[in-house]
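Heads up: the structure comes next, in structure tokens.
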Amino acid sequence: QVQLVESGGGLVQAGGSLRLSCAASGSTLSINAIGWYRQAPGKQRELVAAITSGGSTNYADSVKGRFTISRDNAKNTAYLQMNSLKLEDTAVYYCAADQGMLKLRLGVASYWGQGTQVTVSS
């Protein structure tokens, strides 16, 4: 089993920045891919960014050039640096992990965090 704990959410003005963290514990050797999802009220959950243990990354078009995903394998922690935040980035952000990127892309990752709220104000 793997436990994921997100932190770093909060309230920020449009144009500002936040960095989210996702700390993994437990059987972390089983994790290859880690991703960040978000879900806004009334909207479907979407995969924002994902990264493999080798450092390969994927981003949603809506965040390319503004968000950066990274991971510190030694600390079993993944990060999502969010810059130039927009009102439409407001959502609950979830960290997810699995052995492979495919399950992340399909939204059926084996492990999920509890979520952290990000609110962007005007």
Side-chain angles (χ1 to χ4, degrees):
Q1 286 294 322
V2 174
Q3 294 77 44
L4 302 174
V5 178
E6 304 99 333
S7 60
L11 175 65
V12 63
Q13 284 192 324
S17 299
L18 279 177
R19 189 177 81 154
L20 305 183
S21 298
C22 173
S25 61
S27 303
T28 56
L29 289 178
S30 65
I31 295 174
N32 176 42
I34 297 178
W36 287 95
Y37 289 80
R38 67 185 180 188
Q39 187 165 24
K43 294 189 176 181
Q44 286 191 330
R45 184 180 61 194
E46 67 169 333
L47 179 60
V48 173
I51 186 168
T52 66
S53 58
S56 296
T57 58
N58 286 289
Y59 294 94
D61 288 342
S62 58
V63 306
K64 281 181 181 177
R66 300 188 298 122
F67 290 11
T68 302
I69 189 170
S70 61
R71 64 191 287 174
D72 184 332
N73 292 327
K75 295 183 178 180
N76 293 319
T77 301
Y79 306 96
L80 185 67
Q81 178 67 43
M82 305 185 293
N83 298 329
S84 302
L85 282 161
K86 304 176 180 180
L87 296 178
E88 53 264 42
D89 293 320
T90 295
V92 177
Y93 283 71
Y94 298 90
C95 176
D98 207 282
Q99 281 188 318
M101 188 69 82
L102 178 60
K103 292 184 74 175
L104 281 179
R105 289 175 176 161
L106 293 175
V108 293
S110 298
Y111 309 107
W112 293 83
Q114 81 288 353
T116 185
Q117 176 71 46
V118 171
T119 302
V120 183
S121 65
S122 58

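Values reported hereafter were calculated over all heavy atoms of this structure, with side chains retained and with hydrogens, waters and symmetry mates removed. Fair warning: this is a prediction, and the values are worked out from it, not measured in the lab.
- Legend: ring-ring contact (aromatic ring centres under 6.0 Å, His included) pairs involving residues 53-73, not counting sequence neighbours: none detected.
- Among residues two or more places apart in sequence or in another chain, the side chain to side chain donor-acceptor pair (under 3.5 Å) test is passed with E88 by none.
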List the atom pairs, donor and acceptor, that lie under 3.5 Å between side-chain atoms in residues 1-13 and the rest of the protein, sequence neighbours left out.
from : atom 1 : to   : atom 2 : distance (Å)
Q3   : OE1    : S25  : OG     : 3.4
E6   : OE1    : Q114 : N      : 2.9
E6   : OE1    : Q114 : NE2    : 3.4
E6   : OE1    : G115 : N      : 2.9
E6   : OE2    : C95  : N      : 2.7
E6   : OE2    : G115 : N      : 3.2

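- Residue pairs meeting the ring-ring contact (aromatic ring centres under 6.0 Å, His included) criterion with at least one partner in residues 2-31, sequence neighbours excluded, are absent.
- Evaluation of the side chain to side chain donor-acceptor pair (under 3.5 Å) rule for R66 yields D89 as partners, not counting sequence neighbours.
- The side-chain contact (heavy atoms from CB on, under 4.5 Å) with T116 is formed by just one residue from the set L20, L18, L80, V92; it is L20.
- The structure places CD1 of I51 at 8.0 Å from CG of N73, a figure rounded to the nearest 0.5 Å.
- For the pair R45 (side chain) and Y94 (backbone), a donor-acceptor distance under 3.5 Å is absent.
- Side chains of S53 and R71 form a contact here, defined as non-hydrogen atoms less than 4.5 Å apart.
- Judged purely by distance below 3.5 Å, without hydrogens or angles, the side chains of D72 and T77 never pair a donor atom with an acceptor atom.
- In this structure, a donor-acceptor pair under 3.5 Å is absent between the side chains of N32 and T52.
- Sorted by first then second residue, the ring-ring contact (aromatic ring centres under 6.0 Å, His included) pairs that include residues 96-122, not counting sequence neighbours, are Y37-W112.
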